[in-house]
Amino acid sequence: MSQTIYNVLLREKVTFKPLTEGQVMLYVCGPTVYDNSHLGHAKTYVSFDVVLRWLRYNGNKVRYVQNITDVGHLLDDGEDRILKGARREKVEPMEIVERYMRSYFEDMDALGVTRPDISPRASAHVPEQIEMIQELIAKGHAYDVNGTVYYSVESFKEYGKLSGRRVEEMEAGKRVAVRDEKRHPMDFALWIKAPSNHVLQWPSPWGRGYPGWHIECSAMSNKYLGATFDIHGGGVDNIFPHNECEIAQSEAAHDEAFANYWMLTGTLLVDGVKMSKSLGNFVTIKDALKQYRPEALRLFILSGLYRSPADFSAAALDSATKGAERINTAARRVRNTIKSAKSGDAATNERLITLLDQYHMRFASAMNDDFNAPLALSALFDMSKDLNSAMDEGTASIEVLERANTIYTELGSQVLGVIQSDIGIGVRRQGSGWSASAPMDAESAERESTLIQMLIDMRLEARKAKDFAHADTIRAQLSKIGVILEDGPQGTTYRIRS
RNA sequence: GGCGCGAUAGCAAAUCGGUUAUGCAACGGAUUGCAAAUCCGUCUAGCCCAGUUCGACUCUGGGUCGCGCCUCCA
């Protein structure tokens, strides 16, 4: 079964063929690290995390590169975002970078997002960027004006092919004061001359300055993935000018195609408008994790197509929380039931295992179809319903449950990350939020489960003696510290409240 | 104004030219010492107007509305 991808460059769904069979070169635009990340970032990076995980699950070797922008990304008033952060927090610019880069990785770890294989920083690749700019000047695609180098959009006839714009059609300078020194109003800066007091500056053939925002992605993707690579990802909100400029720079410099497939994620909205820093309507990932489980946040993100917009709301997150609980409860029940399950008769086993394999196939064909996570999820929900029925009826044999457990682990945990991994491996509640760090050590976990089991046994004695008041007290006390007891046909099980 | 994307039941959100999406919520029932979990059943769809077709939520055209981008954002 082949993989399809909606290629933004062609505006259609096409079969995905990597340059090298079984090997995928993936680049995704990363964050500018000058403040805490919000749920908009989570949507994009969780989406690509699932793309990555699915490609790897299917046996591909994937090199995943995601830049860290730590210089050159300017605000409206021309100030560098990093410098603004430094001034705000009264620290060195590179302290801002360190602080928020760490914060970003903390958040991504907590959300179970796989780390990129390479996280190149713009400030660490200034020579590569300078080299590329020199190449562009040599080929007549860029020009130096008093120490600032501009890219000439008229020199690249395909400028606008990704976003569907044409240079002639754009009324440039309508809302931003055009600098006279540009040959064309749409020309953009590759290298910016630094005022003498500018904190971030490097020597260059054009004097001291710093790189423009777009050039880093071109230079670093070239360095780590090659001039032409397979997939370029990011949020649609960067389609113009950023992604367009990347293509222009890279293809003009190397005279060959840049990324073969463009995948762009839909915007996260709040009450119908974009969640963004400038509007101030954002929820940081750290705040969201104080209220919602990582699996719930992932389920919320994955219950819509990656390229569609999604609307953030408490109702949507509550719904996702319930959904995550449902699927996790079923998976946990399967694991618990395995312990006491017996072998089944051949006919029933065959029937149920065939059913499970069909769900697996449904999941796979959904994911193969442009990573349709919501459709893939529906297979897991349907499967859960059938498994619950089988366990209710007692027809779920050890063979069936083992198979089900494998599917939950592979598809639910390993691919989508919406089902908690086995105890001790996954995330654990810590303080007032969720964090990937400090999973409980094995010894403490063992002690905890033994203690809880003792209380369960005590409660069972009370129930046998019809002392329900005592039994309920034990359950209520445990509930207070987040331990939920559930009586089932196979006895009492417990879970830690989410 | 230009470019792009979208409009599905109470909410969220997929698929599909003719057959139950799915999740959440609601209602009825089963199960249960009580809970929880689970199961069974029920109820709500396809913005408007044309067209293509034996048949359209699904294809085509027009309209209306919404969002994103055109200026920093994943």
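In the text below, chain A, chain B and the rest are named by the order of the sequence lines, each starting its count at 1.
Judged by distance alone, the side chains of A:Thr473 and A:Arg459 never bring a donor and an acceptor atom under 3.5 Å apart. Side-chain atoms of A:His232 and A:Glu246 include a donor-acceptor pair closer than 3.5 Å. In this model, a donor atom of one side chain and an acceptor atom of the other lie less than 3.5 Å apart for A:Asp49 and A:Thr114. Remark: the A:Asn67 side chain and the A:Thr69 side chain contain an N/O donor-acceptor pair separated by less than 3.5 Å. For the residue pair A:Ser103 / A:Asn36, a side-chain donor-acceptor distance below 3.5 Å is found, with atom types taken as modelled. Side-chain atoms of A:Tyr45 and A:Gln66 include no donor-acceptor pair closer than 3.5 Å.
A:Arg362 and A:Asp357 are not joined by a salt bridge, as no carboxylate oxygen comes within less than 4.0 angstrom of a charged side-chain nitrogen. A salt bridge between A:Arg99 and A:Glu89 is present, with a side-chain N of the basic residue lying under 4.0 Å from a carboxylate O of the acidic one.
Using C1' as the reference atom, B:C47 and B:A74 are 31 Å apart when rounded to the nearest Å. Rounded to whole Å, the separation between the C1' atoms of B:C49 and B:C57 comes to 16 Å. A gap of 32 Å separates the P atoms of B:C16 and B:C70, to the nearest Å. B:A50 sits 16 Å from B:G55 when the P atoms are compared, rounded to a whole Å. For the C1' atoms, the distance linking B:U19 with B:A36 amounts to 36 Å, nearest Å. A gap of 13 Å separates the P atoms of B:C40 and B:C24, to the nearest Å. Comparing B:C59 with B:U15, their C1' atoms sit 16 Å apart, to the nearest whole Å. Across B:U58 and B:G17, the matching C1' atoms stand 6 Å from one another, rounded to whole Å.
As the counterpart of B:G55, no nucleotide is assigned, since no Watson-Crick or G-U wobble pattern has both distances under 3.5 Å. Pairing partner, B:G41: B:C27, with both Watson-Crick or wobble hydrogen-bond distances short of 3.5 Å. Pairing for B:C3 goes to B:G68, judged as Watson-Crick or G-U wobble with the two contacts each under 3.5 Å. Applying the Watson-Crick and G-U wobble criteria (two distances, each under 3.5 Å), B:U20 pairs with nothing in any strand. Figure legend. B:C34 is base-paired to no nucleotide; pairs are counted as Watson-Crick or G-U wobble with both atom distances under 3.5 Å. Pairing for B:C47 goes to B:G63, judged as Watson-Crick or G-U wobble with the two contacts each under 3.5 Å.
In this structure, A:Arg495 atom CZ and B:A36 atom C1' are separated by 7 Å, rounded to whole Å. What separates CZ of A:Arg459 from C1' of B:G33 is a distance of 10 Å, to the nearest Å. Rounded to an integer number of Å, the gap from CG of A:Leu305 to C1' of B:G68 is 16 Å. Residue A:Phe240 contributes atom CZ, which lies 17 Å from atom C1' of B:C5 at whole-angstrom precision. For the pair A:Met391 CE and B:U38 P, the computed distance is 10 Å after rounding to whole Å. Spacing between atom CG of A:Asn243 and atom P of B:G4 amounts to 17 Å, rounded to whole angstrom units. Regarding A:Asp392, its CG atom lies at a distance of 10 Å from the P atom of B:U38, rounded to whole Å. One interatomic measurement links the two molecules: CZ of A:Phe371 to P of B:A13, which rounds to 22 Å at whole-angstrom precision.
Checked against the 6.0 Å centroid threshold, A:His125 and A:Tyr224 count as a close aromatic pair.
Residue-level contact check: A:Asp237 touches the bases, meaning some heavy atom is under 4.0 Å from a base atom. Counting non-hydrogen atoms under 4.0 angstrom, A:Gly40 reaches a base of the nucleic acid. Note on A:Asp472: a base of the nucleic acid sits closer than 4.0 angstrom, heavy atoms only. Base contact: A:Ser276 has a heavy atom under 4.0 Å from a base atom. Within 4.0 Å of A:Gly233, counting heavy atoms only, lies no atom of the nucleic acid at all. Counting non-hydrogen atoms under 4.0 angstrom, A:Tyr45 reaches the backbone sugars and phosphates but no base. Within 4.0 Å (heavy atoms only), A:Ser313 reaches no atom of the nucleic acid at all. Using a 4.0 Å heavy-atom criterion, one finds that A:Arg11 contacts the sugar-phosphate atoms exclusively.
For A:Arg166 against B:C3, no side-chain N or O and base N or O form a donor-acceptor pair under 3.5 Å. Under 3.5 Å, the side chain of A:Asp487 and the base of B:C34 form at least one donor-acceptor pair of N or O atoms.
A:Asp487 places no side-chain N or O within 3.5 Å of a backbone atom of A:Thr492 that could act as its donor or acceptor partner. At distances below 3.5 Å, not a single donor-acceptor pair connects side-chain atoms of A:Lys385 with backbone N or O atoms of A:Leu380. Counting only distance, with no hydrogens or angles, the side chain of A:Ser413 and the backbone of A:Ile419 share a donor-acceptor pair below 3.5 Å. Judged purely by atom type and a 3.5 angstrom limit, A:Arg495 has no side-chain atom pairing as donor or acceptor with the backbone of A:Glu486.
When the nearest nucleotides of RNA chain B are assigned to A:Arg307 and A:Gly30 by heavy-atom distance, the more 5′-ward of the two goes with A:Arg307. Each of A:Ala310 and A:Ser163 was assigned the nucleotide of RNA chain B with the nearest heavy atom; the assignment lying further toward the 5' end belongs to A:Ser163.
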Inset, instruction - Run the numbers on A:Phe363 and A:Trp54 for side chain to side chain contact (heavy atoms under 4.5 Å, CB included), then give the verdict. - result: CA-CA 11 Å; A:Phe363 185 101; A:Trp54 179 245; 3.8 Å; yes
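Distance from the side chain of A:Arg165 is smallest to B:G2 among B:G2, B:C72, B:G33. Comparing atom distances between the A:Met275 side chain and each of B:C72, B:G33, B:A74 picks out B:A74 as nearest.
Remark: A:Asn372 is not in phosphate contact with B:A14, judged by side-chain N or O atoms under 4.0 Å from OP1 or OP2. When the side-chain nitrogen and oxygen atoms of A:Ser479 are compared with OP1 and OP2 of B:A35, none of them lie within a distance under 4.0 Å.
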Pull out every protein N or O sitting under 3.5 Å from an N or O of nucleotides 27-30 of chain B, one pair per line with the distance.
none

Every protein N/O lying under 3.5 Å from an N/O of nucleotides 19-24 of chain B:
from, atom 1, to, atom 2, distance (Å)
B:C24, O4', A:Ser319, OG, 3.1

N/O contacts under 3.5 Å, protein versus nucleotides 65-67 of chain B?
from, atom 1, to, atom 2, distance (Å)
B:C67, O3', A:Gly272, O, 3.4

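Ring orientation note: the planes of A:His198 and A:Tyr210 are close to parallel, at an angle under 30° on the 30°/60° scale. Between A:Phe16 and A:Tyr261, the two ring planes are perpendicular [angle over 60°; tilted spans 30° to 60°].
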